[in-house]
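Just below is one structure, and these are the notes that go with it.
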Amino acid sequence: MEEPTGRLTPKKVAVVGGGLVGALNACYFAKRGFDVEVFETREDIRQAKVVKGRSINLALSHRGRQALKHVGMEDKIVSQGIPMHARMIHSPSGKQSPIPYGKKGQFILSVDRANLNKELLTEAETYPNMKMNFDHKLKDWSPETGLMTFTRLDGSHDQIQADLIVGCDGAFSAIRKQFLRRSRFNYSQTYIPHGYMELTMPPVNGEFAMKPNYLHIWPRNTFMMIALPNLDKTFTCTLFMPFDEFEKITTGDEVMEFFQEYFADTIPLIGVDALKRDYFRLPGLAMVSIKCSPYHIGDKCVLMGDAAHAVVPFYGQGMNAGFEDCIVFDEIMEQLNEDFSAVLPEYSRVRVPDDHAIADLAMYNYIEMRAHVNSKWFLFRKHLDNFLHFLLPNTIVPLYTMVTFTRTRYHKAVDRWQWQDKVINRGLLFGATGAVLGGSYLLIKNPPDINKLIIPTEKMWARLMSLWTS
Ligand SMILES: Cc1cc2nc3c(=O)[nH]c(=O)nc-3n(C[C@H](O)[C@H](O)[C@H](O)COP(=O)(O)OP(=O)(O)OC[C@H]3O[C@@H](n4cnc5c(N)ncnc54)[C@H](O)[C@@H]3O)c2cc1C
Ligand SMILES: COc1ccc2c(c1)CN(c1nc(C(=O)N(C)c3cc(Cl)c(F)cc3C(=O)O)c(Cl)s1)C2
C-alpha cells in the first residue's frame, strides 16, 4: 500500500497457529520486514502451568536445525537438547545393542516440545514488527477478501484482514477447511489402528535410569516402545500399540502381565505403581496421516506444517519437515522477489512432492516395523545398512541417513533408496546365484567323503535355535 509520504507500508502477514511451525514461521516473515500478526487459540503457554502437548519430547535432526539456524535459533535450541548418538535396541531378554546413527559427531537431539515452542514465541516477539494474539481461535476466513473471523474465550469476535494468510494451525486446521470447498483440491486422511501412550521413566538416585545419549527402542512387531531422554534426567517412553490391544488391558495386573511379556526390563525402571497408575491416566492417543495439494489459494493463503501434511511419527520427521517448509518457502520468496502471486504456486509445485514423500515414508516405516521388525531384524537391517555404506560410501547411503542427516529432497531420497534397493537385491541375487553355481561346481569336481560330513543332530539344532532366539 502507498502511504501519503509515498513510502510503501509493509505488507501484513497473518500466521494462524502459534505452535512449533507457526512460531518459527513468524520469525521468518518478521525477519523479511513484513508486519506479522500471530493468532493462537491457546493462552500464552509461557504463562500456563501445564502445557498439553502431543508428545512431550521430539527428535530434532538436520532439516529442523537448518531451519532454526536461519533465524539464529539453532545454538540456543541445540544447547537445550540431549544428543542421541545411537539407537539402543532392547531385546525381549533385556539385552541392549547400540547402533550408531552414523559417523562420530552425527547425532539427533531430544528436545522438549513445550520449551521449544516457548523459545520460538519469545524469539518471534523480539521483532518490532510482530504482534502476538493469544486466545484467538480462527472460525472462518474468506479466500476472496482475506478477511478472517476469530472468536475469543469471552465469546467476542475479531475480524482481521491480511495480505497473506499462513495456515500453521496443525493437523485439524481450520484454515484448510476453506481449501476443502474448492474444486481440484486433493485431500486424504488416514488414521492408523495404533495409538500411543506416554509414560515417564524417573531418574534412579538422581541419575538417568538408562544411558542418556541414545534413542531407546523396544521393537516388538505389533508393539513398540521408544524412549527419549529429558533434561530433568527422566525418559519419556512412548508406547505404540493397536487400540484394540489398549482396550484389552483394563486392570493393573493386566498392565503388569503385558509389560512382563514385552518390556520386562522397563518394569523396575518405570516402577510397578507408576505403571499401574499412569497407564490409566490418559487413553491411547490417535495418529493420523494427512496429505493434500495444492498448499496455496491464489496469492492469498498458504498451508505449512501439520496443516499441510500431518505424518505418523515413525520417522521422527513431522516437525523437521514443517520447519523445512519455512526454509523452502523463504528460498522461493528470495528467488521471486516476494511476489506472492508467483511464490505461492511455486511453493506448492516444489514442496508437495517432498512432503508427500515423507508422509509415505513414515507410513511405510510404520507398516514395516509393525510387520517385520523385532530386535533381531532391526539390528540386522541397520548393521547391513551401515556395512554397505562403509563398503560403498558414495553408492549406498542408508535412507534414514538421507532423511535425518541431509537436506536431500525427501522425494529424491526415496528415488535413490528404491534404486539402491534394486542394486542390493540384484547384488544379493547374483551373489547367491554365484555361490550356488560355484559351490555346485566344486562339489561335482571334488565330491566329499560322505562318512566325514557333520550332520547336525537334533540337539545341535536345538542349541543353535536357542542361541538365535535368545
Ligand atoms: C507421538 C508423536 C511423536 C512425534 N515425534 C516427533 C519427532 O520425534 N520429531 C519430529 O520432527 N516430529 C515429531 N512429531 C510431529 C510433530 O509433533 C508435529 O509435526 C509438529 O508439532 C507440527 O507442528 P505444527 O506447528 O505444524 O502443528 P501443531 O504443533 O499442532 O501446532 C498447531 C498450533 O495451531 C493452534 N491452532 C489450532 N487450531 C487453531 C485455530 N483454529 N485458530 C488458531 N490457532 C489454532 C494450536 O493450538 C497449535 O498451537 C511427533 C508427533 C507425535 C504425535
Ligand atoms: C517422541 O516420539 C517419537 C516417536 C517416534 C520416533 C521418534 C520420536 C523419533 N524417531 C526417529 N526415527 C528415526 C528413523 O529414521 N527411523 C527409521 C526410526 C524409526 C523408528 Cl519408529 C524408530 F523406533 C527408530 C528409528 C531409528 O532409526 O532410530 C530417527 Cl533417526 S529418529 C521415531
Side-chain angles (χ1 to χ4, degrees), residues 15-25 38-43 45 51-64 84 86-89 99 101-102 106-111 113 116-117 120-121 133-141 148 150-151 167-175 177 195-198 214-219 224-228 236-238 240 285-288 303-325 358 361-362 365-366 368-370 373 378 381-382 385 398-405:
V15 176
V16 179
L20 297 174
V21 175
L24 178 65
N25 238 337
V38 177
F39 299 92
E40 164 57 45
T41 192
R42 295 178 298 178
E43 289 302 291
I45 59 172
V51 180
K52 278 200 292 57
R54 268 165 325 124
S55 74
I56 294 171
N57 53 18
L58 309 123
L60 173 68
S61 47
H62 184 70
R63 296 170 199 267
M84 298 184 285
R87 312 140 178 109
M88 186 63 86
I89 311 303
I99 312 175
Y101 275 114
Q106 263 192 324
F107 55 86
I108 55 177
L109 287 143
S110 174
V111 296
R113 174 194 289 274
L116 175 56
N117 205 159
L120 288 171
L121 288 169
N133 304 274
F134 295 104
D135 173 24
H136 276 70
K137 180 170 186 166
L138 180 101
K139 287 313 273 182
D140 202 357
W141 69 284
M148 297 169 284
F150 293 94
T151 55
C168 300
D169 48 343
F172 307 102
S173 165
I175 290 282
K177 280 200 189 109
Y196 73 92
M197 174 184 285
E198 289 176 327
Y214 292 85
L215 191 153
H216 292 264
I217 309 167
W218 292 260
M224 180 177 78
M225 190 152 74
I226 68 162
L228 276 68
T236 299
C237 304
T238 308
F240 296 96
L285 298 173
M287 289 173 279
V288 69
L303 297 171
M304 293 196 213
D306 277 19
H309 48 77
V311 301
V312 290
F314 300 97
Y315 239 101
Q317 282 296 313
M319 165 192 65
N320 286 287
F323 279 8
E324 193 178 46
D325 288 353
I358 189 57
L361 263 184
N365 205 41
Y366 158 68
E368 175 85 358
M369 293 202 73
R370 183 185 59 176
V373 180
F378 195 102
R381 272 310 312 242
K382 295 298 173 197
D385 280 352
L399 177 59
Y400 81 84
T401 304
M402 291 189 274
V403 168
T404 308
F405 294 108

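Hydrogens, waters and symmetry mates are skipped; everything else that's a heavy atom, side chains included, is used. For ligands, and for the atoms within them, numbers begin at 1 and follow the listed sequence. Since the structure is predicted, the reported quantities are computational estimates derived from the model, not experimental observations.
Against a heavy-atom cut-off of under 4.0 Å, C168 is close to the following atoms of ligand 1: 32 (C), 33 (C), 34 (O). Those atoms of ligand 1 with a heavy atom of L138 less than 4.0 angstrom away are 40 (C), 41 (N), 42 (N), 43 (C). Near G318, meaning under 4.0 Å from any of its heavy atoms, are these atoms of ligand 1: 10 (C), 11 (O), 12 (N), 15 (C), 19 (O). Near A174, meaning under 4.0 Å from one of its heavy atoms, ligand 1 places the atoms 41 (N). The contact set between ligand 1 and G170, taken as ligand atoms under 4.0 Å from a residue heavy atom, comprises 27 (O), 30 (O), 32 (C). Close contacts of ligand 1 with F39, meaning ligand atoms under 4.0 Å from a residue heavy atom, involve 43 (C), 44 (N). Within ligand 1, the atoms closer than 4.0 Å to a non-hydrogen atom of A59 are 7 (C), 8 (O), 9 (N), 10 (C), 11 (O), numbered from 1 in the order shown. Per-residue contacts place I108 under 4.0 angstrom from the following atoms of ligand 2 (heavy atoms of the residue considered): 31 (S). Every atom of ligand 1 with a heavy atom of N320 under 4.0 Å away is listed here by number and element: 10 (C), 11 (O). With ligand atoms numbered from 1 in the order given, ligand 2 contributes 20 (C), 21 (Cl) to contacts under 4.0 Å with heavy atoms of M369. Which parts of ligand 2 touch A59 is read off a 4.0 Å heavy-atom cut-off, strictly below it: atoms 9 (C). For ligand 2 and F240, the ligand atoms under 4.0 Å from any heavy atom of the residue are 4 (C). When each atom of ligand 2 is checked for a heavy atom of T404 under 4.0 Å away, the hits are 15 (O), 30 (Cl).
Distances between N or O atoms of G316 and those of ligand 1 include at least one value under 3.5 Å. For D306, a nitrogen or oxygen atom sits less than 3.5 Å from a nitrogen or oxygen atom of ligand 1, counting backbone and side chain alike. Annotation: Y196 places no N or O atom under 3.5 Å from an N or O atom of ligand 1; distance criterion only. Looking at L58 next to ligand 1, no N or O pair under 3.5 Å apart turns up. Note: an N/O pair closer than 3.5 Å links V21 and ligand 1 by distance alone. Between R87 and ligand 2, at least one N/O pair is under 3.5 Å apart. Distances between N or O atoms of Y400 and those of ligand 2 include no value under 3.5 Å.
In this structure, the side chain of R63 engages the main chain of V403 through a donor-acceptor pair within 3.5 Å. Without hydrogens or angle criteria, E43 side chain to F134 main chain gives no donor-acceptor distance under 3.5 Å. For D325 (side chain) and G305 (main-chain N/O), a donor-acceptor pair under 3.5 Å exists by modelled atom type. D385 places no side-chain N or O within donor-acceptor distance of the main-chain N or O of P398, the cut-off being under 3.5 Å. N320 contributes no side-chain N or O that, together with a main-chain N or O of L60, makes up a donor-acceptor pair within less than 3.5 Å. Looking only at distances, a side-chain donor or acceptor of N133 sits under 3.5 Å from a matching main-chain atom of V38. Remark: side-chain polar atoms of N117 are paired, donor with acceptor, to backbone N or O of G18 under 3.5 angstrom. Side chain of W218 to main chain of I89: no donor-acceptor pair is present (N/O by atom type, distance under 3.5 Å, no hydrogens or angles).
At least one heavy atom of R113 sits closer than 4.0 Å to an atom of ligand 1. For the ligand labelled ligand 1, residue M287 lies outside the 4.0 Å heavy-atom shell. Taking 4.0 Å as the cut-off, M84 does not count as a neighbour of ligand 2 on heavy-atom distance. Every heavy atom of V403 sits 4.0 Å or more from the atoms of ligand 2. Residue contact check for ligand 1: T238 places no non-hydrogen atom closer than 4.0 Å to it. Ligand 1 has H136 within reach: a non-hydrogen atom of the residue lies less than 4.0 Å from it. A heavy-atom separation below 4.0 Å is not found between Y366 and ligand 2.
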Applying side chain to side chain contact (heavy atoms under 4.5 Å, CB included) to T404 and Y101, what does each step give before you reach the verdict? CA-CA 9 Å; T404 308; Y101 275 114; 5.7 Å; no
L58 and L20: CA distance, side-chain angles, deciding distance, side chain to side chain contact (heavy atoms under 4.5 Å, CB included) verdict: CA-CA 11 Å; L58 309 123; L20 297 174; 4.1 Å; yes
Begin with the C-alpha distance, continue with both residues' side-chain angles, and end with the deciding distance and a verdict on side chain to side chain contact (heavy atoms under 4.5 Å, CB included) for Q317 and S61. CA-CA 8 Å; Q317 282 296 313; S61 47; 3.1 Å; yes
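Contacts between F107 and ligand 2, counted as non-hydrogen atom pairs separated by less than 4.0 Å, are absent for every part of the residue. Within the 4.0 Å heavy-atom criterion, the part of L215 lying near ligand 2 is the side chain and not the backbone. The part of N365 lying near ligand 2 is the side chain, judged by heavy-atom distances below 4.0 Å. Both the backbone and the side chain of Y315 come within 4.0 Å of ligand 2, judged by heavy-atom distances. Proximity of F172 to ligand 1, defined as any heavy-atom pair under 4.0 Å, is not found for any part of the residue.
Screening L215, L109, I56 against L228 for a side chain to side chain contact (heavy atoms under 4.5 Å, CB included) leaves a single residue, L215.
No side-chain heavy atom of M225 sits under 4.5 Å from any side-chain heavy atom of I217. F314 places none of its side-chain heavy atoms less than 4.5 Å from the side chain of E368. When side chains are defined from C-beta on, M287 counts as touching P313, because their heavy atoms get closer than 4.5 Å.
Applying the ring pair (Phe, Tyr, Trp, His ring centres under 6.0 Å) rule to H136 yields the partners F39, F150; only residues at least two apart in sequence or on another chain are considered.
Around atom 4 (C) of ligand 2, the closest heavy atom drawn from I226, V312, T238 belongs to I226.
For Y400 and Y315, the gap between ring centers reaches or exceeds 6.0 Å.
No hydrogens or angles considered: nothing links the side chains of T401 and Q106 as a donor-acceptor pair under 3.5 Å.
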